[in-house]
Amino acid sequence: MNFMASQLFAYEKKGDSAVILRCFSRDGSVRIPERMDGLPVRELAPYAFSAHMEEKEWMDAFRRGDVRIASSGQVEPQVSWENEDLADLPVLSGDQLESLILPQTLRRVGRYCFYNCGHLRRLEFSGELFDWGSGAFSGCHRIEALCVRVRPDGSSGLKQVLDELPESLQVEFCAEEPETPGAAFRREEAENAQNPAVYARLAFPEFYEEGVENTPARILETHVHGTGILYRNCFQGKKFDFVQYDVLFPYAQAQEAPSLLLRLVLDRLRAPYHLEQRARETYEAYARENAFLFGKYFLDTKDAQGLRWFLESVAAPLPDDAKAALADQLSEYAARREDAQATGRLMAFRREALPDSRRRKRLEL
């Protein structure tokens, strides 16, 4: 059997469940199966994806038969450590790990599970996962995106993860069960989102802590910088509070970079889950004040659907002269990028912005 294109998992039985010890793969993107040899996968072992795991202990257990190796949840009886195919399939650990999807069955992540996985950028996990071991994300400084499949009541272990990741990142929310109550409402709100399965998408700014010595008091004070800590505290118990998140926007305006504000505003307007009217108006006002920046973003990303949404939903209420000026600026930029489709849409938008009297005058000339 050829394992070269496979993902294999070393695991051990623990009661009526399975614990993943190691992954073998040439692909940096991994999906952990829900079952191994018929047993639900409940746990990732300590250091499971770290290059610092002590290999000898579990390899000896594998040779004794206490640890098994499987792919797609089925034990491969011909797999042995001496098997040439397996020996040539590398352990996936450290910087090799780039993206990971954890199963709905998982309940625990061991300590230092992703220790020094410096290239891990995306993690997807279930709302049923609340037990995150100490130091699980130590050395993971490039995570850009989280996707959490929240429970039907809206709860999850997201806060534990956010508290461990101070860097700027994006969080996607999707329902654990697609047909739970409210799912239709979520789908309707997600109509303009890039991924219809995602009903909310939020940007979280970074934060960092600084130790400052207070000499007269002979103590070391911890100062926290950045609005990221405020956004990470928008929870009511284990449920995320979207209204509290939106209230913080003025603080972000005062402290965060325009690129972060652009992501934050677009995420809320394009997937407006639990977005109250007052917050919507605040976000739309900011987008109109920075209309060229937002339009340029859609041209740079070649997002034709996003550009159409922006022109119809955000730019449309602008005064006619402002719309015409915006269309001229964006058309010039699109022309320099040789984007004929966007240029045509922007020219049409400009024509619609002209009052009827000015249209007739241009026709007469």
Side-chain angles (χ1 to χ4, degrees), residues 28-29 97-102 114 117-127 129 132 136-137 140-150 154 156-176 186 189-208 226-235 239-249 251-253 255-275 279 283 286-287 290 293-294 297-298 300-303 305-306 309-310:
S29 299
L97 181 63
E98 298 176 356
S99 174
L100 181 64
I101 300 177
L102 302 179
F114 310 111
C117 291
H119 289 173
L120 177 60
R121 298 184 182 276
R122 178 179 172 82
L123 177 67
E124 181 176 335
F125 59 95
S126 166
L129 177 55
W132 297 85
F137 296 100
C140 299
H141 300 299
R142 295 188 181 181
I143 296 181
E144 300 172 346
L146 300 175
C147 180
V148 54
R149 304 184 301 274
V150 300
S156 71
L158 174 62
K159 183 168 180 21
Q160 295 172 262
V161 181
L162 288 176
D163 289 343
E164 296 294 324
L165 301 174
E167 291 82 15
S168 174
L169 50 82
Q170 187 179 64
V171 176
E172 296 178 342
F173 294 76
C174 61
E176 188 79 84
R186 296 188 183 110
E189 290 193 329
E191 185 175 347
N192 289 321
Q194 295 175 3
N195 181 356
V198 176
Y199 67 83
R201 184 179 288 106
L202 303 178
F204 283 81
E206 67 176 343
F207 74 95
Y208 67 94
T227 61
I229 191 66
L230 300 177
Y231 278 98
R232 284 163 174 79
N233 287 330
C234 295
F235 284 86
K239 299 180 182 180
F240 190 79
D241 189 334
F242 290 86
V243 175
Q244 184 181 350
Y245 177 95
D246 294 328
V247 168
L248 295 175
F249 185 64
Y251 296 92
Q253 271 188 282
Q255 300 183 47
E256 303 299 338
S259 58
L260 186 282
L261 296 173
L262 182 145
R263 285 174 48 202
L264 191 154
V265 170
L266 287 180
D267 286 345
R268 288 305 280 140
L269 290 179
R270 299 192 74 187
Y273 183 67
H274 280 190
L275 179 61
Y283 289 135
Y286 178 82
N290 300 272
L293 178 65
F294 280 74
Y297 168 81
F298 290 115
D300 288 339
T301 56
K302 297 184 178 181
D303 184 354
Q305 182 180 356
W309 168 85
F310 170 73

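- A donor-acceptor pair is defined here as one N or O able to donate and one able to accept, closer than 3.5 Å; no such pair exists between the side chain of Arg263 and the backbone of Phe204.
- Taking 4.5 Å as the limit, some side-chain heavy atom of Phe294 sits within range of a side-chain heavy atom of Val265.
- The side-chain contact (heavy atoms from CB on, under 4.5 Å) test applied to His119 returns Asp95, Arg142, not counting sequence neighbours.
- Between Glu144 and Arg122, none of the side-chain N atoms (NZ, or NE/NH1/NH2) sits under 4.0 Å from a carboxylate O, so this pair counts as no salt bridge.
- Ion pair Asp163/Arg232 not flagged as a salt bridge, since none of the NZ, NE, NH1 or NH2 atoms sits closer than 4.0 Å to an Asp/Glu carboxylate oxygen.
- The backbone N or O of Gln244 lies less than 3.5 Å from a partner atom in the side chain of Asp241, making a donor-acceptor pair.
- A distance of 10.0 Å separates CD in Gln253 from CG in Leu264, rounded to the nearest 0.5 Å.
- For the atom pair CD of Glu167 and CZ of Phe137, the computed distance is 11.5 Å after rounding to the nearest 0.5 Å.
- A distance below 6.0 Å separates the ring centres of Phe125 and Trp132.
- For the pair Leu269 and Trp309, the minimum side-chain heavy-atom distance is below 4.5 Å.
- Residues passing the side-chain hydrogen bond (donor to acceptor under 3.5 Å, both in side chains) test with Asp267 are Gln170, sequence neighbours excluded.
- Two residues are said to be in side-chain contact when any heavy atoms from C-beta on lie closer than 4.5 Å; Phe114 and Leu100 meet this criterion.
- With hydrogens and angles left out, the side-chain atoms of Tyr297 and Asp303 include no donor and acceptor closer than 3.5 Å.
- Using a 4.5 Å cut-off on side-chain heavy atoms (C-beta onward), Leu162 and Leu146 make contact.
- For Phe249 and Tyr286, the gap between ring centers is short of 6.0 Å.
- Ring-plane geometry between Tyr199 and Phe173 is classed as tilted, the angle between the planes lying from 30 to 60 degrees on a 0 to 90 degree scale.
- The pair Glu172-Arg201 meets the salt-bridge criterion, since a charged nitrogen lies less than 4.0 angstrom from a carboxylate oxygen.
- Judged by distance alone, the side chain of Glu124 and the main-chain N or O of Leu102 form no donor-acceptor pair under 3.5 Å.
- Side-chain contact between Leu260 and Ser168: present, with at least one pair of heavy atoms (C-beta onward) separated by less than 4.5 Å.
- Every ring-ring contact (aromatic ring centres under 6.0 Å, His included) that Phe235 has, sequence neighbours left out, goes to Phe240.
- Between Glu256 and Thr227, some side-chain heavy-atom pair lies under the 4.5 Å cut-off.
- Counting only heavy atoms from C-beta outward, the side chains of Gln160 and Leu129 never approach each other to under 4.5 Å.
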